[in-house]
Amino acid sequence: MKILDMKHIKKHFGDNDVLKDISFSVEEGDVVSIIGPSGSGKSTLLRIATFLETMDDGELSYLDKQVVESVGGHAIYKKQLQKEAMHCFGLVFQNYNLFPHFNVMKNIVDAPIRIQKRDKEEVYKEARALLKKMGLEDKEKAYPSELSGGQKQRVSIARALAMKPRILFFDEPTSALDPELTQEILKVIKELADEKMTMVIVTHEMSFAHDVSTRMIFMDQGVIVEETTPDQMFASENERTRAFLGKHH
Ligand code: ADP
Ligand code: MG
């Protein structure tokens, strides 16, 4: 089943064409890594997929429901379907975005209870299980400022998972972390991949991307230059791909 389908996405900021006709889709169980130089449009693509940014033109569907359609060269958002689609993804950023004035537990349970209106007791129970899975069972009452970067990022992942997303987006989840903490987070993401969580991961961690992905996408200057298996990506004959990978090995 297709979880996400994006077609002919176009986005500009001023005279900067940031996304030039991008199409890609994610099947259930896919782990798609997006790689590419800084400024190539990776974050913008994720921000559009998660409605933090609007596209100029294109189509977007979650779970076969078309949330955005293209009419006369313009993207038309269907507000009700967008609202429903908000429940089917989770997003983990580089800089955690935890609520500083909420403790760890509150950070995790707030959205499922307040936005998804799920049963409180059940949400707390699941949150405790998630914290255990993330190795944070003793941090329930801690505030974000009392945690290491790696711990904060694990709380962010737990918070995203608490929404029971069908797909999880990561935008450079380790780029603010030192190497040791980076490995700790990559291990958590690898475990999610082993559990067949559907994920889209923007990352500069090339060997991780190779190991964890079912598919890789190389973006440059607002276009998808190549989309293929990890093995084929690293054996690419494409000049731009080779130049990029050469710098990041
Ligand atoms: P990446 O994540 O691959 O580094 P981004 O999607 O962040 O790339 O940025 C792609 C391009 O869009 C860059 O040239 C960036 O400066 C520009 N850009 C991103 N967001 C904005 C914005 N809100 N306003 C203006 N330009 C932006
Ligand atoms: Mg980015």
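Order of appearance sets the numbers: ligands from 1, and atoms from 1 within every ligand. Bear in mind the structure is a predicted one, so any value in this text is a computation, not a measurement.
- Checked by atom type, the side-chain pair Thr182/Glu205 shows no donor-acceptor distance below 3.5 Å.
- Not one N/O/S atom of Ser38, from backbone or side chain, sits under 2.8 Å from the Mg ion (ligand 2).
- Counting only heavy atoms, the protein gets under 4.0 Å from atom 2 (O) of ligand 1.
- Distance check: Tyr143 OH to Asn107 CG gives 10.0 Å after rounding to the nearest 0.5 Å.
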Task: Glu28/Arg166 under salt bridge (charged side-chain N to carboxylate O under 4.0 Å, His left out): CA gap, chis, key distance, verdict - done: CA-CA 8 Å; Glu28 187 153 36; Arg166 297 291 298 271; 3.3 Å; yes
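- Using cut-offs of 30° and 60° on the angle between ring planes, the pair Phe244 and His204 is tilted.
- Listed by number with element, the atoms of ligand 1 under 4.0 angstrom from any heavy atom of Pro37 are 3 (O).
- Side-chain atoms of Glu59 do not come within 3.5 Å of backbone N or O of Gln66 as any donor-acceptor pair.
- Judged by the shortest distance from any of its heavy atoms, Gly36 lies outside the 4.0 Å radius around the atoms of ligand 1.
- Using a 4.0 Å cut-off between heavy atoms, Val18 contacts ligand 1 through its side chain alone, with no backbone atom that close.
- At least one protein heavy atom sits closer than 4.0 Å to atom 11 (C) of ligand 1.
- For Val202, no heavy-atom contact with ligand 1 is shorter than 4.0 Å.
- Considering only non-hydrogen protein atoms, atom 20 (N) of ligand 1 sits nearest to Phe13 CE1, 3.4 Å.
- Shortest contact from atom 6 (O) of ligand 1 to any protein heavy atom: Thr44 OG1, 2.5 Å.
- Of all protein heavy atoms, the one lying nearest to atom 15 (C) of ligand 1 is Asn16 ND2, 4.5 Å.
- Close approach of ligand 1 to Ser43 is summarised as follows: ligand atoms under 4.0 Å from at least one heavy atom of the residue are 1 (P), 2 (O), 6 (O), 7 (O).
- Put simply, Phe99 and Leu136 are part of two different groups of oily side chains (I, L, V, M, F, W, Y) that touch within less than 4.5 Å, one to the next.
- Heavy-atom separations between Gly222 and ligand 1 are all 4.0 Å or longer.
- In this structure, Lys11 forms a cation-pi arrangement with Phe13, its terminal cationic atom sitting closer than 6.0 Å to the ring centre and no more than 45° off the ring axis.
- Among protein heavy atoms, the minimum distance from atom 8 (O) of ligand 1 is reached at Gly41 N, 3.2 Å.
- Looking only at atom types and distance, the side chain of His74 has no donor-acceptor partner in the side chain of Asp57 under 3.5 Å away.
- For the pairing with Val200, the side-chain contact (heavy atoms from CB on, under 4.5 Å) check across Val31, Asp171, Leu46, Asp30 returns one residue only, Leu46.
- Between Gly39 and ligand 1, at least one N/O pair is under 3.5 Å apart.
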